[in-house]
Amino acid sequence: MAKVVAINISEQKKTPKKTIEEGILIENFGFENDAHAGKWHRQVSLLAKESIEKAKGMRTYGLCHGMFAENITTEGIVLYTLPVGTKLKIGDSAIIEVTQIGKECHDGCAIKELVGQCIMPKEGIFGVVLTGGKVKAGDEIKVI
């Protein structure tokens, strides 16, 4: 079963995110109080715990959820293999449509400075919120 491991938001772009207990996804916007939310194609970012574990192998200090600026840390689903257009139901009602696989890493990235190598450009995915709702750690993720 694929599931949510953590929900993460930040007040500023280009910084690691802080884990919160529960997040509110707003239709065609993203997470409430997140710097990346807005009316664009990368409202929400997802990164797998398995990808973070790979990155931990590259570094000697602990990495945590949100360190790569992902909004949703997942487990049990290989995100970067999902085609653009895939719809994911998260929890009871939230639906995200995948709009982009990976991204170009920008200069001056605080995450790359902290971690040494950012895995978001290769293994992270982005999407838009088709249906809002509350999401929290432990929620099931289904491909629909």
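Side chains included, hydrogens not; waters and symmetry mates left out as well; all remaining heavy atoms used.
When every heavy atom of N8 is checked against every heavy atom of T19, the shortest pair comes out as OD1-OG1, 2.7 Å. S45 approaches A69 most closely through the heavy-atom pair OG-O, 3.2 Å. Summarising the geometry of V135 relative to A94, their closest heavy-atom pair is CG1-CB, 3.9 Å, with the distance given to 0.1 Å. The heavy-atom pair separating E70 from I52 by the smallest distance is OE2-CD1, 3.6 Å. Taking every heavy atom of both residues into account, K13 and A35 meet most closely at CE-O, 3.3 Å. The two atoms that bring A2 and G76 nearest to each other are CB-O, 3.9 Å, heavy atoms only.
Going from atom CD1 of I125 over to atom NZ of K103 covers 14.5 Å, rounded to the nearest 0.5 Å. Summarising the geometry, atom CG belonging to N28 is positioned 13.0 Å from atom CH2 belonging to W40; distances are rounded to the nearest 0.5 Å. Separation of atoms CD1 (I20) and CD1 (I9) is listed at 4.0 Å; rounding is to 0.5 Å. To the nearest 0.5 Å, atoms CG (N33) and OG (S10) are separated by 11.0 Å. Note that CD of E97 is 5.0 Å distant from CG of L130, once rounded to the nearest 0.5 Å.
When hydrophobic clusters are built by joining Ile, Leu, Val, Met, Phe, Trp and Tyr residues whose side-chain heavy atoms come closer than 4.5 Å, directly or via intermediates, I7 is not grouped with I24. L47 and I141 fall into different hydrophobic clusters, where Ile, Leu, Val, Met, Phe, Trp and Tyr are joined by side-chain heavy atoms under 4.5 Å apart, directly or via other members. V143 and I95 fall into different hydrophobic clusters, where Ile, Leu, Val, Met, Phe, Trp and Tyr side chains are chained together by heavy-atom contacts under 4.5 Å. Under the 4.5 Å side-chain heavy-atom criterion for Ile, Leu, Val, Met, Phe, Trp and Tyr, L79 and I90 are members of the same hydrophobic cluster. Hydrophobic clustering (ILVMFWY, side-chain heavy atoms < 4.5 Å, transitive): V78 and F68 are in distinct clusters.
Side chains of V128 and I96 form no contact here, defined as non-hydrogen atoms less than 4.5 Å apart. Y80 is not listed as a side-chain neighbour of K122, based on a closest heavy-atom distance of 4.5 Å or more. Here the side chains of E50 and I77 are not in contact, with every heavy-atom distance at 4.5 Å or above. Inter-residue side-chain proximity for V129 and V44 is flagged as met; some heavy-atom pair is nearer than 4.5 Å. Between F31 and L25 there is a side-chain heavy-atom pair separated by less than 4.5 Å. Using a 4.5 Å cut-off on side-chain heavy atoms (C-beta onward), L88 and I144 make no contact.
Listed by chain and residue number, nothing satisfies the side chain to side chain donor-acceptor pair (under 3.5 Å) test with T99 (two or more places apart in sequence, or in another chain). Listed by chain and residue number, S51, K54 satisfy the side chain to side chain donor-acceptor pair (under 3.5 Å) test with E123 (two or more places apart in sequence, or in another chain). In terms of the side chain to side chain donor-acceptor pair (under 3.5 Å) criterion, T74 has no residue partners (sequence neighbours excluded). Residues satisfying the side chain to side chain donor-acceptor pair (under 3.5 Å) test with Q100, not counting sequence neighbours, are H41.
Side chain of E75 to backbone of K3: no donor-acceptor contact under 3.5 angstrom is found.
Annotation: salt bridge (charged side-chain N to carboxylate O under 4.0 Å, His left out) contacts involving residues 23-42, sequence neighbours excluded, comprise K17-D34. Pairs of residues two or more places apart, or lying in two chains, that qualify as side-chain hydrogen bond (donor to acceptor under 3.5 Å, both in side chains) and include a residue from residues 129-144 are K136-D139.
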